[in-house]
*Asks:* 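My questions all concern the structure below.
Worth saying up front: this structure is predicted, and the values here are computed from it rather than measured. Worth knowing before you read on, the calculation uses all heavy atoms, side chains too, and leaves out hydrogens, waters and symmetry mates.
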Amino acid sequence: MPRITLPDGKVLEFPQAVTGKQVAETIGPGLAKKAIGVKLDGTEIRDLARPIDRDCTIKIITAKDDDPDALYLLRHSAAHVLAEAVCAVFPGTQLAYGPPVDDGFFYDLKTPRPVTEGDFATIEAKMQEIVGQNRPFTRCELSAADGLARTANDKYKNDNAQRALAKGDDKLSFYVSGEPGRDWEDLCAGPHVPSTGWLKASKVMSVAGAYWHGDQTSDQLTRIYGTCFADEKGLKQHLHRLEEAKRRNHRKLGKEMSLFHIEEDNPGQVFWHPNGWSIYVTLMEYMRQKQRKYGYVEVHTPSVMARSLWERSGHWEKYRENMFTTESEKRDFAIKPMNCPGHLLIFKQGLKSYRDLPLRIAEFGSCCRNEASGALHGIMRVRGFVQDDGHILCTDEQVGQEVATFCRMLTEVYADFGFGIDRITVKLATRPAQRIGDDATWDHTEKTLGDAVTAAGLKFVVSPGEGAFYGPKLEFTLVDAIGRGWQCGTIQLDPNLPGKDRFDATYVAEDGSRKNCVMLHRATLGSLERFLGILIEHFEGKFPLWLAPEQVRVIPISDAQLPFAKGVQQRLVDAGMRATIDEQPNSLGAKVRDARLARVNYFAVVGQKEVDEGAVALQNQAGDKLGTLAVDAFVARMLEEVAQKRLPAAMTTGA
RNA sequence: GCCGAUGUAGCUCAGCUGGUAGAGCAAUGCUUUCGUAAAGCAUAGGUCGCGGGUUCGAGUCCCACCAUCGGCUCCA
């Protein structure tokens, strides 16, 4: 007698177990036609055809692009269609694993020959054929023994089956795309849409390598990525977003705007050009001011440090393959990959009192990490970079307060770049399996971090087991203008490095005893290189005035206005603006075009009329004509916009 | 590091089954001094990622390497 509660609170009672389909039909035939699955008690998504035999709340899932549950069902099902198509195109293919992911799904398989992009059309054609046949997804449940027998000759599926059983399942389910015994089938927990006909808006996206279980020493598999939406419109929008991302690509814009380059002979190291360096320095100076306001002292520590120091910090043992090492007079050295040891060494100079704590040490630390060649990615992932790094040395009792204050500073900083609270997500990474310290300490520190985030007005999600071995951490992710997430800020608690066995950073407590500090590693922007890459893509190269490399370009209409125009430019430069002048003997149209393409924020056109009036005719990058302004008013307006760090209207968010 | 793809002028790209490397933009020179997204003409510019090999002959075919891109892995 299941009692089923609908989203509006209405309760339906049935004399015996019913399927989701039947529930939907009871509510209305229109809904039943559109339904692709159900969600029970807000957690369990089920096939429409599976019986519901308990009291529960229900949500009928219909095929909609804005419902994550619907996309989950569609994509999980589309993965099966893809896999079937690949098996048909490449006989002998072995299936491994095919889950839905953000933006789509993938299927890992072992194919008899490498799959290339050239094969996509063939695979897609086969997929459309399967979709066109509108075959039902049929669930078959088998006992553990029968299920294992059915996968006996299939290395990966058998492994999956055993894992499922080890997790506590007592049955194994298979899904047949059509009629059992005749059509293609796959070991799968489900759930799926009713039939393949729902999967019209599917597309094969890319192919990549992947390892079985993500283990480098295990089998190399082929991973085919695809996506699926409820309808063509959703798919089209998705493809449009990808195009948009391509248009904003920081490598493309970096070249176009001459911000930086990377030499082919020197992978992972950035050569900053004048325009890029201008933004970089502005960023750095901005953070310097902000940190000063929040009580940090700035230091600078050596780039190359002796092996003995890296041994003491533990890096030589644990982080060796990521460090660039060198040698001098038979002694080993390493280029620093992190700044923490240097900061501890500064802390240890002289005797510290509890009155000196918390000590907040900041450094724009230039670090090198020997990243795997395949991991490099424009300026987002490089081997040489600068962090807005900082370490707070404090007592256990001060941790909560320090984390809360850091969260406040971070939200303030992010807001200045247009990332309001609605564009920040926070993750609390908790104790991993391999760790030091007792559970009571972990309980306490995890709670302290969580409370501090809440106190700053932010929400967080817990990421179990993702913490460092020595302590929990918070990770702050920005959501950019086209909805992509970028993890930037972080703060993590570390009692290990300042502890007795490492650097033994102590202070004299109120009672005269020596105690060890704890340390908070923290960064707001993270790597400046990466953060700037994010900003380039977020703003599409159209930076807010305070960050822009070329803020104003003065454009004289003809040489006759050159002296006046130069005077205007000089006024701007004297006022601290980054202003240039276009002296080319081109038509005005050409000069305006150049300025807009160069993404100059404002251009001040000076013709004879403006010279006579002591004014400029102003236009912005977007092409809005802003009228004629007296030079004084113009300069004041620019300075005000810089001072306010005003963002383009489209880039401001709530909160 | 692993899997797949890519690499031709400063940039964006064309170059078929092997036969002396091409366009647009940019650059340079001259002319034009122009009222809000492209003035005209001319000139110059390439060891086809690098190294081998096959061939009478290689941008094109083969092998190895490097870099980049999409992923994987890594991110004490």
*Asks:* Pick the closest RNA chain B nucleotide for A:G623 and for A:R502 by heavy atoms, then say which residue is nearer the 5' end.
*Replies:* A:G623

*Asks:* Within less than 4.0 Å of OP1 or OP2 of B:A39, is there a side-chain N or O belonging to A:S587?
*Replies:* yes

*Asks:* Dot-bracket for RNA chain B, 5' to 3', counting Watson-Crick or G-U wobble pairs under 3.5 Å, with [ ] for crossing pairs and | for inter-strand pairs?
*Replies:* (((((((..((((.....[..)))).(((((.......))))).....(.(((..]....))).))))))))....

*Asks:* Side chain to side chain donor-acceptor pair (under 3.5 Å) for A:T441 and A:D438? Distances and angles first, verdict last.
*Replies:* CA-CA 6 Å; A:T441 308; A:D438 57 59; 2.7 Å; yes

*Asks:* Using the salt bridge (Lys or Arg N to Asp or Glu O under 4.0 Å) criterion, which residues pair with A:K110? Sequence neighbours excluded.
*Replies:* none

*Asks:* For nucleotides 27-33 of chain B, which of its nitrogen or oxygen atoms have a protein nitrogen or oxygen under 3.5 Å away, and what is each distance?
*Replies:*
{"from": "B:U33", "atom 1": "O2", "to": "A:D559", "atom 2": "N", "distance (Å)": "3.1"}
{"from": "B:U33", "atom 1": "N3", "to": "A:D559", "atom 2": "OD2", "distance (Å)": "3.0"}
{"from": "B:U33", "atom 1": "O4", "to": "A:D559", "atom 2": "OD2", "distance (Å)": "3.4"}

*Asks:* Is A:H377 near enough to B:G70 that one of its side-chain N or O atoms lies under 4.0 angstrom from OP1 or OP2?
*Replies:* yes

*Asks:* Scan residues 89-118 of chain A for pairs that pass ring pair (Phe, Tyr, Trp, His ring centres under 6.0 Å), counting only residues two or more places apart or in two chains.
*Replies:*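 Ring pair (Phe, Tyr, Trp, His ring centres under 6.0 Å) check on residues 89-118 of chain A returns A:F106-A:Y225.
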
*Asks:* What residues from residues 487-495 of chain A pass a heavy-atom cutoff of under 4.0 Å to RNA chain B?
*Replies:*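 Heavy-atom cutoff 4.0 Å gives no residues at all.
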
*Asks:* Quick test: give all pairs of protein nitrogen or oxygen and nucleotides 2-4 of chain B nitrogen or oxygen below 3.5 Å, distance rounded to 0.1 Å.
*Replies:*
{"from": "B:C2", "atom 1": "O4'", "to": "A:Y211", "atom 2": "OH", "distance (Å)": "3.3"}
{"from": "B:C2", "atom 1": "O2'", "to": "A:Q220", "atom 2": "OE1", "distance (Å)": "2.2"}
{"from": "B:C3", "atom 1": "O4'", "to": "A:Q220", "atom 2": "NE2", "distance (Å)": "3.2"}
{"from": "B:C3", "atom 1": "O2", "to": "A:G209", "atom 2": "N", "distance (Å)": "2.9"}

*Asks:* Roughly how far, to the nearest 0.5 Å, is the CG atom of A:N275 from the CZ atom of A:R578?
*Replies:* 10.0 Å

*Asks:* Which side-chain N or O atoms in residues 525-536 of chain A pair as donor and acceptor under 3.5 Å with protein atoms at least two apart or in another chain?
*Replies:*
{"from": "A:S527", "atom 1": "OG", "to": "A:E529", "atom 2": "N", "distance (Å)": "3.3"}
{"from": "A:S527", "atom 1": "OG", "to": "A:R530", "atom 2": "N", "distance (Å)": "3.0"}
{"from": "A:E529", "atom 1": "OE1", "to": "A:Y280", "atom 2": "OH", "distance (Å)": "3.4"}
{"from": "A:E529", "atom 1": "OE1", "to": "A:V386", "atom 2": "N", "distance (Å)": "3.0"}
{"from": "A:E529", "atom 1": "OE2", "to": "A:Y280", "atom 2": "OH", "distance (Å)": "2.8"}
{"from": "A:R530", "atom 1": "NH1", "to": "A:Q487", "atom 2": "O", "distance (Å)": "2.5"}
{"from": "A:R530", "atom 1": "NH2", "to": "A:Q487", "atom 2": "O", "distance (Å)": "3.2"}

*Asks:* Ignoring hydrogens and angles, are the base of B:C74 and the side chain of A:R369 linked by a donor-acceptor pair under 3.5 Å?
*Replies:* no

*Asks:* Considering just the side-chain nitrogens and oxygens of A:R381, establish if one lies under 4.0 Å of OP1 or OP2 belonging to B:U68.
*Replies:* no

*Asks:* State whether A:F229 and A:R75 meet the cation-pi test: NZ (Lys) or CZ (Arg) under 6.0 Å from the six-membered ring centroid, and within 45° of the perpendicular axis.
*Replies:*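 Yes.
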
*Asks:* For RNA chain B, what residues of residues 596-619 of chain A have any heavy atom nearer than 4.0 Å?
*Replies:*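 The stretch gives A:R596, A:L597, A:V605, A:G607, A:Q608, A:K609, A:E610, A:A617, A:Q619 as the residues lying under 4.0 Å from the strand, ordered by number.
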
*Asks:* Identify, with sequence neighbours excluded, every residue that meets salt bridge (Lys or Arg N to Asp or Glu O under 4.0 Å) alongside A:R431.
*Replies:*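 Checked A:R431 against salt bridge (Lys or Arg N to Asp or Glu O under 4.0 Å); matches are A:D439, A:D443, A:E446.
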
*Asks:* Applying salt bridge (charged side-chain N to carboxylate O under 4.0 Å, His left out) as the test, list every pair that has at least one member in residues 548-568 of chain A; sequence neighbours left out.
*Replies:* A:E550-A:R553, A:K566-A:E583

*Asks:* Only pairs under 3.5 Å count here: list side-chain donor-acceptor contacts from residues 610-619 of chain A, not counting sequence neighbours, and write none if there are none.
*Replies:*
{"from": "A:E610", "atom 1": "OE1", "to": "A:G607", "atom 2": "N", "distance (Å)": "2.9"}
{"from": "A:D612", "atom 1": "OD1", "to": "A:Q608", "atom 2": "NE2", "distance (Å)": "3.2"}

*Asks:* Ignoring hydrogens and angles, write down the donor-acceptor pairs under 3.5 Å from the side chains of residues 496-504 of chain A, residues two or more places apart or on other chains.
*Replies:*
{"from": "A:K500", "atom 1": "NZ", "to": "A:N516", "atom 2": "OD1", "distance (Å)": "3.0"}
{"from": "A:R502", "atom 1": "NH1", "to": "A:R312", "atom 2": "O", "distance (Å)": "3.3"}
{"from": "A:D504", "atom 1": "OD1", "to": "A:N516", "atom 2": "ND2", "distance (Å)": "3.0"}

*Asks:* Does a nitrogen or oxygen in the side chain of A:K246 sit under 4.0 Å from OP1 or OP2 of B:C69?
*Replies:*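 For B:C69, OP1/OP2 do not have a side-chain N/O of A:K246 under 4.0 Å.
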
